[in-house]
Amino acid sequence: MSDAVRRVAVALPRPLPTPFDYRIDATAAASPLRGCRLRVPLGGGETIGIAVDEAQEANDGAIALKAVLERIDDAPILHGELWSSLAWLARYLHAPIGEVLATALPATLRQGALLPETQAHGWRLSEAGHTALPGLRAGAPRRLAELLARGVHDEDGLDARHPGWRARARSLAKRGLAERIVIDAVAAMPAVPPPVLNDEQRAAANAIASHESFSTILLDGVTGSGKTEVYLDAIARTLARGKQALVLVPEIGLTPQMLERFRSRLGVPIHALHSGLVEGERARTWTAALRGQARVIVGTRSAAFVPLPEAGLIIVDEEHDGSYKQFDGIRYHARDFAIVRARALDVPIVLGSATPSLESLHNAQAGRYAHLRLHHRAGAARPPRVRVVDIRKRPLQAGLGPEAVDAIEAAIASGGQVLVFRNRRGYAPVLLCHDCGWSAQCRRCDSPMTVHGAGRRLICHHCGAQQPAPAACPQCASLALQPQGNGTERIEEFLTQRFASVPVLRIDRGSTQARDGLQKHLAALGARPGILIGTQMLAKGHDLANLILVVVVGIDEGLFSADFRSGEKLAQLLVQVAGRAGRADKPGAVLLQTHHPEHPLLQTLVTQGYHAYADGELAEREAAGFPPCAYMALLRAEAKHADPVMHFLQAAKKGIADVAVDAHGPLAAPMPRRAGYQRMQLILSSPSRAALQSVLDAWVPSLYPMPEARRVRWSLDVDPADLY
């Protein structure tokens, strides 16, 4: 029996601490198995797992094991550096290896689909098309035919420059006038010559080029300093060495703009990887990277998992951004994992930001990172003038004071564009009865429901619950229900009425759900005078040449948050959004509205800048024993009732005996109830990362068999980005 059967350990995409053993036919196990996908039975169904070791000789007990149903991959798709890095990630996060490996794969591959075809395709006019072109009717098909008559165009380039081309191409192909062909995925295309770098940019580019082996480089440049040009220079040199480059960006909305810029400058296809793509496209990009065909990959958080068999450079743009942290499932940080991968690949990694995270600044000060500075804006652009506006006792219209409305009017009159920044979507944060004080609370969360649709709909932004707004107060039957506060929808309503002669566009999650929705909104505005109303989506990397005024509404709640990181997040957000103004040759201005104009954070930012704030905040963190001067892990637990949560966390705390690690709690979470679950947490902290990891190594495995653990949902967050 042992000659025909082997035993193999399979990691399953489940919150299970160890792999499961299955028996596998010796023929199926003849070639390397670790890192291959296997279809296996589980319970009454099937699932896709990944072999975590080579098949072993079977013993007498193997006959009782369930059999592998199918070996999907002829050769491992997770191997080498990526396999080692994923194993490290599972150990560091103390996360189930099966969930970590599944997270690294696009959804279609997790579900067992075969690796897709990755040849690049293009379109050209056929011989019949050239003959028929003069007689084609005017319209979109003829314009596409005229474009294809000039030569082969790759599909990525057509997607970027000619939205909607696919339907017209299929129409031409049905008539035999156009044809789809395979093209060389790395064939050079005409590239736009790079601009001349200024002295600071050139020094930074040369410094990055001097690192061909592992080094972490913090590119710390003010907004508008031309960090992207430094990235492009570094990527071009990487391509010249025959190597791959990976670029991480924080938001989907940044990728179309960046893809087109990279494509035109580098002269090679640029592969995108983000959640806005259909799953088939994500799988093709991942597989093209695995095969070495994708030479430049630009993507959001999940792109940190792409295979890089010929890696030469990794770049993390806006490295401070909170969206690099995964807040459910496997709670990894893409920036930190990218650094781990760069070390394993022995390639340099560049972390770019105008407002570096305190973690990165702390590492730079300690000498662990090379620190490059860009102090000045590129070209003729100058820093915007920033003014704190005291709105105490001032009349407000949709949250805007008289100074702000006057400044918007002046900016529009001068032909410029305005950004009104309010980091709260919806119409108003709460619906309130003016007579009895009742407010619309979510039935499942300890949170008010946000008013949407000019008062017609209530939505909980925490659990997604929705309901119509009541016609009368449920408590006193009064009709005096009033939306309180201001969201982006309410500001849009006011500004649309007040400035009817110019376009007013709202940019938030609700208005940009369609594919490339943000890019389409910005393209619709163009360079015309107009007003953008947006959330933090607009604070990240967008280059709006005609934007001359930024008005920031509603920053006060960020000044008094219970989260110890709130000041850092607010400072970064304010500097980033202010940096959108005056990025071309027109001077820019920024108005910060507040009821607390004397607050130290605002005063330091305005008078001394972000780095002065960061130095002071780092000193306070060190005195308080908070990250990045200490290390944390957060054990979260939730259940329908509070007692099982408390019992679980109390029992878990008893298992921590090491004096080098402090355990705080159990504590109620800042939001004690969400989506109908009572939530509590246990905070572990230590001045030593090694000491904390040592405790977690012994402690986490003991949590799984605890009787109390079966009555709650629990998760561990190592290096939490917040305490919620």
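Position 1 is the first residue of the sequence, and the numbers go up from there. This is a predicted model, so every value here is computed, not measured.
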Audit row: Ile208, Leu372, side-chain contact (heavy atoms from CB on, under 4.5 Å) steps and yes/no: CA-CA 9 Å; Ile208 294 170; Leu372 307 178; 3.9 Å; yes

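- Between the side chain of Ser210 and the backbone N or O of Ala207 there is at least one donor-acceptor pair closer than 3.5 Å.
- Of the residues listed (Asp336, Asp717, Asp722), the one engaging Lys325 in a salt bridge (Lys or Arg N to Asp or Glu O under 4.0 Å) is Asp717, and it is the only one.
- The closest side-chain heavy-atom distance from Leu618 to Pro628 is below 4.5 Å.
- When all heavy atoms of Ala338 and Ile314 are compared, the pair lying nearest together is O-CD1, 3.9 Å.
- Between Phe494 and Asn486, the closest side-chain pair of non-hydrogen atoms is not below 4.5 Å.
- Here Phe337 pairs with Phe305 under the ring-ring contact (aromatic ring centres under 6.0 Å, His included) rule; sequence neighbours left out.
- With sequence neighbours left out, His611 forms a side-chain hydrogen bond (donor to acceptor under 3.5 Å, both in side chains) with Asp220.
- Looking only at side-chain heavy atoms (C-beta outward), Leu218 and Pro356 come within less than 4.5 Å of each other.
- Between the Asp321 side chain and the Pro250 main chain, no donor and acceptor come within less than 3.5 Å of each other.
- A salt bridge does not link Arg331 with Asp719: none of the charged nitrogens is closer than 4.0 Å to a carboxylate oxygen.
- Contacts classified as salt bridge (charged side-chain N to carboxylate O under 4.0 Å, His left out) and involving residues 591-600 (residues at least two apart or in different chains) are given here: Arg392-Glu598.
- Judged as a salt bridge (charged side-chain N to carboxylate O under 4.0 Å, His left out), and not counting sequence neighbours, Arg301 has no contacts.
- Listed by chain and number, the residues in a side chain to side chain contact (heavy atoms under 4.5 Å, CB included) with Ala428 are Val451, Pro483, Arg490 (sequence neighbours excluded).
- Every residue was checked against the side-chain hydrogen bond (donor to acceptor under 3.5 Å, both in side chains) condition with Tyr613, not counting sequence neighbours, and none meets it.
- Atom CZ of Arg385 sits in a sparse spot, with 12 or fewer heavy atoms from other residues, nucleotides or ligands closer than 6.0 Å.
- A salt bridge between Glu403 and Arg394 is present, with a side-chain N of the basic residue lying under 4.0 Å from a carboxylate O of the acidic one.
- Salt bridge status for Glu359 with Arg368: absent, with no side-chain N to carboxylate O gap under 4.0 Å.
- Within the structure, salt bridge (charged side-chain N to carboxylate O under 4.0 Å, His left out) pairs that include any residue of residues 602-628 comprise Glu568-Arg621, Glu617-Arg621 (at least two apart or interchain).
- Between the side chain of Gln593 and the main chain of Gly399, a donor-acceptor pair closer than 3.5 Å is present.
- A salt bridge (charged side-chain N to carboxylate O under 4.0 Å, His left out) check over residues 448-461, counting only residues at least two apart or in different chains, returns nothing.
- Side chain of Arg422 to backbone of Ile491: no donor-acceptor contact under 3.5 angstrom is found.
- Residues satisfying the side-chain hydrogen bond (donor to acceptor under 3.5 Å, both in side chains) test with Arg528, not counting sequence neighbours, are none.
- Note on residues 410-420: no pairs pass salt bridge (charged side-chain N to carboxylate O under 4.0 Å, His left out), not counting sequence neighbours.
- Listed by chain and number, the residues in a ring-ring contact (aromatic ring centres under 6.0 Å, His included) with His599 are Phe560 (sequence neighbours excluded).
- Partners of Asp199 under the side-chain hydrogen bond (donor to acceptor under 3.5 Å, both in side chains) rule, at least two apart in sequence or in another chain, do not exist in this structure.
- A donor-acceptor contact shorter than 3.5 Å links the side chain of Arg377 to the backbone of Thr223.
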Verdict with reasoning, Phe262 to Thr228, per side-chain contact (heavy atoms from CB on, under 4.5 Å): CA-CA 9 Å; Phe262 279 27; Thr228 303; 3.9 Å; yes

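- Although no hydrogens or angles enter the test, the distance criterion places a donor-acceptor pair under 3.5 Å between the side chain of Glu319 and the main chain of Ser357.
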